[in-house]
Every structure is written in C-alpha cells, then in structure tokens.
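Take a look at the structure set out below.
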Amino acid sequence: MSNEKRKTMAVTAAMVKELREKSGAGMMDCKKALGETDGNIEAAIDWLRTKGLAAAAKKSGRVAAEGLVAVATEGTKGALIEVNAETDFVARNADFQGFASTLAGLVLANGDDVDALKGIAYPETGRTVEEQLTHNIATIGENMSIRRAATISVSNGVVVPYVHNAVVPGLGKIGVLIALESSADAGKLSELGKQLAMHVAATSPQSLSVDDLDPELVERERAVLVDQAKASGKTEEIAQKMVEGRIRKYYQEVVLLEQTFVIDNENKVSKVIENAAKELGTEVKLVGFRHFVLGEGIEKEEEDFAAEVAATLGS
C-alpha cells in the first residue's frame, strides 16, 4: 500500500498494532502518532522518537525499585507519594527530586488516586503528569513509575510528616505521616507527632489498632501457633493458652498502639499518647498513620554488572 493511499485512510486498529510492535510505544501514543503522520508507519516511528515516546517505551520493561518517597503537608492534611526509578543515582538528580516534590503537592491538592493523578496538568509545562513522566524517562534515560500515593487528614489537630534520612527536605527512602486529633497546642502536638513518626519508621507497624489488623493475617499467625503448640505435645487447654499468649505478643509486634515506644523503651504507644493528653490537659487521639518504604514489595532483578558492561560495549 502506497503512502499516498494510506494518507486518505482512517487510522485502523491494525495500523496501531503494527506501530506498537515496531516502536514499543503505548496504544494511545501510537494512535496519535499515526494521526499526526497521516497513517505513515515509518514517519510515525520518527514522530514517536522525536517526542521521546519510543525510547521511553523500550525502558518500560526494566524494574524500577529505587527512587524517592516524597511528603507534603498543609494545615490539617498530608500526602505521601512513591516515585520509582531504576537506580539510586537518579534519586540524586535535581529534576527527579523536583518531579517527586511536585507530585506530592498535587496529591495533597487532588487526592491519592494515581490513575487520576496522571491525567492532571503538570505545572508550567503544558503536559499532563503522565506526559511529564514520559518526558522525564526520555530525558533522564531510566524507566520510572508513579507507584502509589496516600493522604490523611484531621478536622482539628495536626498532620506531622517525617522522612528518615532525607536526601533533601521532604524526600527520602522512608516517609511517614502521623495524624493527631486534638485541640491542644499545635507545636506540642507536632513534637509528639514527630516522635511517633520516628517510631513508625523504626518499627513498620501493620495497623493502628488490633481492630484494624487484617483478620487473614491474624488467622494465618494463629494457625502457625496452633500447629507449634500441638507439636510440643501440650494438652489442648495448655496449647490454647499458649496460643492466646503468643497472639498478644504478635499484636505487640505489629499493631502501633500495642507496640513498646522505641524512644522510652518502656510504655506502650497508647500509654504515651494517654500521658501526653494528661500533660496537655485535653484529649489527644492518634487517628491514623501512613507509612511508605521505598521499593517495598518490588521484586528486584539480580544484576550482572560485567555482563551489562560487555553488552554495552558490544552494542
């Protein structure tokens, strides 16, 4: 089929499929490229390359488990976002840091739905967030992704941010938000919130309270403990008491309010908050927390650096 004939044709699914296979770019980008080039496949490939979209697509299969966690707060609300890249080196890139910080602000203003976030206008660029991400991939030269976001707020009190080992203010590998509901002095509440946030960063609790803990996790733990108790040859009554005691210990390990406060290594977190309320002369309630650890749960590929260098030299 000649280019002249193709120019008069509407963009078809088959043409989009062909361009996707040749360029590795996304479906919508391919459709747009074909529209811009009157259906000419080779011209569309060049158009994608010019926009950096083909290059970005080729990088999209690589594991992005490094990057940054960014926090943002304003008044009584806060936001967290995790933006991933392939290497720790990129986390020190000023453009990448600016991107992560800007996204945290956008999450704070618009909510934590990542898909919705990608369609929001990215400030001062004329691009959407997703288009800016693609631009960054092409410019910096690594696969990147916006992995997850979270928000938290109180009606009266403070939301306190904390970044462990921050590379710059508000950016690092571990981010925490603590939400305290209270009419107490905001400065005093923030001091308490900072200590609680540091505790969360150190202990990684799975829930705020026992009631919030995933029942499946509890049942899985209970099943393991029952099997252990039975294997020890104990009677049913003693085995049940052993299991209940160990479940309480399990709660102390994974439930924030049941954990021993790492700063005094003595009181439960719930008691620390109770004592703070007495000192401040008014009720203080820890209504929630958010906690992101960079790359948590992402399966990283083992890299053969020698082979990578050899491949680069041979290309």
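Linking ILVMFWY residues whenever their side-chain heavy atoms come closer than 4.5 Å, directly or via other members, leaves V158 and L177 in distinct clusters. When hydrophobic clusters are built by joining Ile, Leu, Val, Met, Phe, Trp and Tyr residues whose side-chain heavy atoms come closer than 4.5 Å, directly or via intermediates, L208 is not grouped with L217. By the criterion of side-chain heavy atoms lying less than 4.5 angstrom apart, applied directly or through intervening Ile, Leu, Val, Met, Phe, Trp or Tyr residues, L19 is grouped together with V11 in one hydrophobic cluster. Linking ILVMFWY residues whenever their side-chain heavy atoms come closer than 4.5 Å, directly or via other members, places L257 and V262 in the same cluster. Both I140 and Y122 are assigned to one and the same hydrophobic cluster, defined by single-linkage of ILVMFWY side chains at heavy-atom distances under 4.5 Å.
Using a cutoff of 4.0 Å between basic side-chain nitrogens and carboxylate oxygens, E181 and K285 are not scored as salt-bridged. Electrostatic pairing of K271 and E274 counts as a salt bridge here, judged by a charged N lying under 4.0 Å from a carboxylate O. A salt bridge links D88 to K173: at least one charged side-chain nitrogen sits closer than 4.0 Å to a carboxylate oxygen. Salt bridge status for R222 with E244: present, with a side-chain N to carboxylate O gap under 4.0 Å.
Annotation for K118: atom NZ counts as buried by contact number, over 12 foreign heavy atoms lying within 6.0 Å. Within a 6.0 Å sphere centred on CD of E36, heavy atoms belonging to other residues, nucleotides or ligands number more than 12. For E74, the CD atom sits in a loose shell: 12 or fewer heavy atoms of surrounding residues, nucleotides or ligands are nearer than 6.0 Å.
Taking every heavy atom of both residues into account, G119 and T128 meet most closely at O-CG2, 3.9 Å. Heavy-atom minimum distance, A91 versus G67: CB-O, 3.5 Å. When every heavy atom of A79 is checked against every heavy atom of A104, the shortest pair comes out as CB-O, 3.7 Å. Minimum interatomic distance between A44 and L34 (heavy atoms only, all atoms of both residues): CB-CD2, 4.0 Å. Among all heavy-atom pairs drawn from I263 and Q195, the shortest one is CD1-CB, 3.5 Å. Scanning both residues, G288 and I152, for their nearest heavy atoms gives C-CD1, 3.5 Å.
The shortest distance between side-chain heavy atoms of H291 and F289 falls below 4.5 Å. Proximity of R148 to I81: side-chain heavy atoms (C-beta onward) are nowhere separated by under 4.5 Å. Contact annotation: the side chain of V176 never approaches that of R290 to less than 4.5 Å [non-hydrogen atoms, C-beta and beyond]. A heavy-atom distance below 4.5 Å is found between the side chains of E258 and V210. In this structure, the side chains of V200 and I178 come closer than 4.5 Å at one or more pairs of heavy atoms. At least one side-chain heavy atom of L192 sits less than 4.5 Å from a side-chain heavy atom of V272. With a 4.5 Å cut-off on side-chain heavy atoms, L213 and V255 count as touching. You'll find the side chain of K194 reaches within 4.5 Å of the side chain of Y162, heavy atoms only.
Remark: F96 CZ to L171 CG distance equals 9.0 Å, nearest 0.5 Å. In this structure, CG on D112 lies 10.0 Å from CG on L80, to the nearest 0.5 angstrom. L286 CG to S182 OG: the interatomic distance, rounded to the nearest 0.5 Å, is 12.0 Å. In this structure, the separation between OG on S190 and CG on L180 is 8.5 Å, given to the nearest 0.5 Å. In this structure, D214 CG and E221 CD are separated by 12.5 Å, a value rounded to the nearest 0.5 Å. A distance of 6.5 Å separates CG in D29 from OG1 in T134, rounded to the nearest 0.5 Å.
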Candidate pair Q259 and T203, rule side-chain hydrogen bond (donor to acceptor under 3.5 Å, both in side chains), full reasoning: CA-CA 9 Å; Q259 289 178 332; T203 63; 3.0 Å; yes

Candidate pair I146 and V129, rule side-chain contact (heavy atoms from CB on, under 4.5 Å), full reasoning: CA-CA 10 Å; I146 303 169; V129 167; 3.6 Å; yes

Stepwise side-chain contact (heavy atoms from CB on, under 4.5 Å) test for L103 and F99: CA-CA 6 Å; L103 291 188; F99 181 63; 3.6 Å; yes

Worked check of side-chain contact (heavy atoms from CB on, under 4.5 Å) between E66 and E86: CA-CA 5 Å; E66 297 293 341; E86 292 178 57; over 6 Å; no

Chi angles and distances behind the side-chain hydrogen bond (donor to acceptor under 3.5 Å, both in side chains) call for N136, Q132: CA-CA 6 Å; N136 290 351; Q132 183 63 33; 3.1 Å; yes

Working for side-chain contact (heavy atoms from CB on, under 4.5 Å), residues H199 and L256: CA-CA 9 Å; H199 171 95; L256 178 53; 3.5 Å; yes

Residue pair T76, S153: steps toward the side-chain hydrogen bond (donor to acceptor under 3.5 Å, both in side chains) verdict: CA-CA 6 Å; T76 54; S153 63; over 6 Å; no

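Here the side chain of E142 pairs a donor or acceptor atom with the backbone of T87 at under 3.5 angstrom. Counting only distance, with no hydrogens or angles, the side chain of E191 and the backbone of K188 share no donor-acceptor pair below 3.5 Å. Not one N or O on the side chain of N84 forms a donor-acceptor pair closer than 3.5 Å with the backbone of M144. Judged purely by atom type and a 3.5 angstrom limit, E82 has no side-chain atom pairing as donor or acceptor with the backbone of L68. Side chain of T73 to backbone of P161: no donor-acceptor contact under 3.5 angstrom is found.
Each of T151, L117, I120 was compared with N110 under the side chain to side chain contact (heavy atoms under 4.5 Å, CB included) criterion, and only I120 meets it.
Under the 3.5 Å distance criterion, with hydrogens and angles disregarded, a donor-acceptor pair is assigned to the side chains of S209 and D212.
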